[in-house]
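Everything below concerns the one structure shown next.
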Amino acid sequence: MKKQKFGLLFILALLLVIVAACSDSGKTSEGDSSKGDSKSDEKFTLQAGHSLPEDHPYNITFLEMAENVKERTDGRVTIEVFANSEIGAERELTEGLTLGTVDLVVSSTAPVTNFVPELSVLDVPFIFKNRETAVGILEGEIGDELFRQMGEHGIIGLSWGENGYRHITNGKHPVNNPEDLKGLKIRTQENEIHIAAFKALGAQPTPMAWTEALTGLQQGVVDAQENPAIVADQFKLYESKQKYMTLTGHVYSVAMFMMSQKSYDKLPEDLRAIVLEEGQKAGAKQRDLIVEMEKESIQKLKDNGVEIIEDVDLVPFQEAVKPVYATIEYQELLNKIIDAQ
Ligand code: PAF
């Protein structure tokens with residue numbers, strides 16, 4: 001009996017040791033102090049991911065944020081920045097945020113709608129009158145409401161960025177009107193509205209992650225793609241058969257700086273506040289950089305032999321995608337955006 005009791009006590013003690021050891025093994029932190037202010041020797045490492053090159057404003061802004069956070073936390077928080085989809089393409093990165101396997105992400109909204117469907121209203125073609133009205137809406141009540149929706153999926157919206165206006169490139173012929181898109185195989189983002197819009201325009205949309213798009217263009221799986229000029233320039237799309245770019249500006253490509261709620265919860269309160277504040281500043285800085293670099297990118301594309309179709313009559317494009325508006329699930333939100341401009 002005595003032996004049995006001793007055996008039980010031993011097993012209980014062993015279980016307690018295992019539980020204590022497991023609760024100490026957080027990925028994000030070398031220390032683990034989720035409540036109150038941290039002890040000065042606790043150090044935390046956050047992984048920040050995105051899909052664009054090192055000289056893209058997504059990366060430049062994340063590096064600046066990392067620097068500021070490091071300085072303000074006296075080196076207690078290190079942000080490691082991974083460019084070029086190194087730790088996942090945008091959809092995977094977003095999933096990582098919900099799971100807490102990625103801490104910080106900047107991504108276009110399109111793939112995030114697969115997790116937060118309300119965001120889909122931002123990807124409706126020609127929904128924003130111009131950049132100024134778009135920023136006003138995102139920085140106002142509507143943007144706040146969308147960030148609240150993201151919160152329900154375990155993602156903290158830190159700030160609104162952008163990647164510029166999306167334009168169509170292709171390797172077949174100049175596109176001047178929707179008829180020229182007929183039958184063109186176009187890579188789109190993994191987003192239902194983008195797919196519906198390009199179907200309505202007569203093209204053959206093929207959704208795929210950006211990590212597959214370049215090979216798709218090079219191997220002729222797709223003839224066309226649509227992205228802002230900075231993407232066409234930095235990924236040298238003219239080396240992937242893209243000879244023509246039509247400045248349709250059909251979507252103002254909204255981006256978001258985001259943090260995983262799970263990662264946030266692992267930080268002590270004083271450090272959380274600093275990461276949050278620096279993340280909130282990132283969007284506006286990033287937007288300014290895009291505006292600065294957009295014209296330069298168009299010039300570089302021209303210098304590399306891309307024919308830019310600048311004088312485009314947008315009305316037939318706008319008319320062709322109009323039926324897509326009625327298919328949007330969040331009509332009230334959509335109309336709010338339209339009425340606010
Ligand atoms: O086309 C895309 O997937 C996106 O625009 C990109 C290039 C990953 C930037 O957010």
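Counting convention: from 1, in listed order, for ligands and their atoms alike. Counting begins at 1 with the first residue of the sequence.
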| message | So, regarding Gln189 and ligand 1 (criterion: nitrogen or oxygen to nitrogen or oxygen, under 3.5 Å), is there a contact or not? | response | yes

Tell me, please: is [X] in heavy-atom contact with ligand 1, that is, under 4.0 Å?
| X | result |
| --- | --- |
| Arg166 | yes |
| Tyr58 | yes |
| His50 | no |

| said: Between Asp180 and His173, is there a side-chain donor-acceptor contact under 3.5 Å, judged purely by atom types and distance? | reply: no

| message | Could you tell me if Gln218 and Ser240 have a donor-acceptor pair between their side chains, going purely by distance under 3.5 Å? | response | yes

| What is the nearest protein non-hydrogen atom to atom 5 (O) of ligand 1, stated with its residue, atom name and distance? | Asn227 OD1, 2.7 Å

| Heavy atom of the protein closest to atom 3 (O) of ligand 1 (residue, atom name, distance) | Arg187 NH2, 2.9 Å

| said: Could you check, using the six-membered ring where one of them is a Trp, whether Phe198 and His250 have ring centers closer than 6.0 angstrom? | reply: yes

| Test item: Asn59 side-chain N/O and Asp55 main-chain N/O as donor-acceptor pair under 3.5 Å | no

| Residue from Tyr58, Phe62, Trp160 passing ring-ring contact (aromatic ring centres under 6.0 Å, His included) with Phe257 | Phe62

| task | Heavy-atom contacts with Ser108 under 4.0 Å: which atoms of ligand 1 show up? List them by number with element. | result | 10 (O)

| field | Passing candidate, side chain to side chain donor-acceptor pair (under 3.5 Å) with Thr169, options Gln225, Glu226, Lys241 | value | Gln225

| Between Glu90 and ligand 1, which part of the residue brings a heavy atom under 4.0 Å of the ligand: side chain, backbone, both or neither? | side chain

